[in-house]
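Here is the structure we will look at, set down as structure tokens.
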Amino acid sequence: MNWTRLLLGRIGGLLLTLFLSSVVIFSALLLTPGDPIAALAGGAKPTPELVAQIRAEYHLDDPIWMRYLQWLSGVFTGDFGRSFVYKTDVMTLIAPRFGITLQLVLLTVLIILVAGVGSGILAATRGPGVDRAVGILTALGMALPGFVVAILLIWIFAKSLGWFPVYGEGAPGWDRVWHLILPAVSLAVMFIAYVSRVTRSAIVAQMHAEHVDTARVRGIPRARIFGVHVFRNAAPQILAISGTTIAGLFAASAIVEVAFGVGGIGSLLTEAAARKDLPVVQLVSLILVAVFVVLNAIADLIGALIDPDTVTAGRQA
């Protein structure tokens, strides 16, 4: 495999995706109904002099393409603008919120990998009864909307049993982990179902492969067959869906953060969109897109490392 060509292709695709995403995000937000003047004026009815001052300060009368270039040049120099609502630097506002969302996503990833991959392996290897039970649970998990799962978990484990806090992200350390467990489970449920089903299908396909039958005939121990010939070959497919799943968690966290009052970038994005705080919405949206494409590229590269034949086959197809 030509790794240089593969890396350059992934990096080129990543940069093109980020550029096109930045154009779409910037243009779409500017074309949405509503006037940011109201947010910039602090809710009070602005005088004509104040409106003129705000338009000049934020270049609101410039053509869209010129404002996009100004914004893009600011991104390259680390100047992401000031929040219309909070009157502070956008990056200063987002950085601590991103840390909270990152902790929530990492905890969710741990739950998804353990429960999703584990239940998929059980469904594929422990007989039809376990397979049917896992299938019913994963179907239920895929059918339940995230906010419904959040309400159920709050009612059962926070209100009725009192095991977990209901609101907020808590203090750094174990208190934060304790606060984020229910949000992470809420966020993980639907993704566990996806990962479990893909894992089961990939494992079953490998267990019926010709090289696995040959290994059984040769008397190779069952555990070694599963580890070397089944799971290793199924890993790229599991990794691909896991990478896409993990990348999508950052965007999907918004609903859960609002439901549990967690102060991450998801809840910040929801609040900023409602208050027409364009600089915040633009940067958070761009960060979410960047995280998604970077994690997908990393998953592709790790999959290629595990099984180079999949990349070669894909290029030849």
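Because the structure is a prediction, the values reported are computed rather than measured.
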Please test Phe147 against Ser186 for side-chain contact (heavy atoms from CB on, under 4.5 Å), starting from the C-alpha separation and ending with a verdict.
CA-CA 8 Å; Phe147 70 92; Ser186 300; over 6 Å; no
Distance, nearest 0.5 Å, that separates [atom1] of [X] from [atom2] of [Y]:
| X | Y | atom1 | atom2 | value |
| --- | --- | --- | --- | --- |
| Phe164 | Leu180 | CZ | CG | 11.5 Å |
| Ile192 | Met142 | CD1 | CE | 12.5 Å |
| Phe80 | Leu283 | CZ | CG | 5.5 Å |
| Gln282 | Leu269 | CD | CG | 11.5 Å |

Is the backbone N or O of [Y] less than 3.5 Å from a side-chain atom of [X], with the two atoms forming a donor-acceptor pair by type?
| X | Y | value |
| --- | --- | --- |
| Glu169 | Val262 | no |
| Thr77 | Gly74 | yes |
| Gln206 | Ala234 | no |
| Ser285 | Ile25 | no |

Inset, instruction - Please step through side-chain contact (heavy atoms from CB on, under 4.5 Å) for the pair Thr101 and Arg97, ending with a clear verdict. - result: CA-CA 6 Å; Thr101 297; Arg97 301 274 195 131; 5.7 Å; no
Checking side-chain polar atoms at under 3.5 Å, does His211 have a donor or acceptor matched by the opposite partner on Asn233? yes
Decide if atom [atom1] of [X] counts as having more than 12 heavy atoms of other residues, nucleotides or ligands within a radius under 6.0 Å.
| X | atom1 | value |
| --- | --- | --- |
| Arg224 | CZ | no |
| Ile225 | CD1 | yes |
| Tyr194 | OH | no |

Short N-O contact, Asp131 and Arg200, less than 4.0 angstrom: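 Yes, charged N to carboxylate O under 4.0 Å.
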- request: May I have the step-by-step check of side-chain contact (heavy atoms from CB on, under 4.5 Å) for Ile287 and Phe292, ending in yes or no?
  value: CA-CA 9 Å; Ile287 289 174; Phe292 186 85; over 6 Å; no
Check whether any side-chain heavy atom of Arg82 lies under 4.5 Å from a side-chain heavy atom of Val90, and answer yes or no. no
So Phe231 and Ile121, do their side chains get closer than 4.5 Å, heavy atoms only? yes
Identify the residue among [options] that makes a side-chain contact (heavy atoms from CB on, under 4.5 Å) with [X].
| X | options | result |
| --- | --- | --- |
| Val189 | Thr108, Leu137, Val149 | Val149 |
| Val289 | Val294, Leu18, Leu20 | Leu18 |
| Ile112 | Leu107, Val105, Leu187, Leu249 | Leu249 |
| Val212 | Val217, Ile220, Val230 | Val230 |

Of Asp277, Asp89, Thr88, the one forming a side-chain hydrogen bond (donor to acceptor under 3.5 Å, both in side chains) with Ser83 is Asp277
- Task: Please work out whether the ring planes of Phe98 and Phe250 are parallel, tilted or perpendicular, with thresholds of 30° and 60°.
- Result: parallel
> For Leu122, which fellow cluster members are found when Ile, Leu, Val, Met, Phe, Trp and Tyr are connected by side-chain heavy-atom distances below 4.5 angstrom, either directly or through intermediates?
Replying inline: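 Grouped by the 4.5 Å side-chain rule, Val130, Val134 form the rest of the cluster around Leu122.
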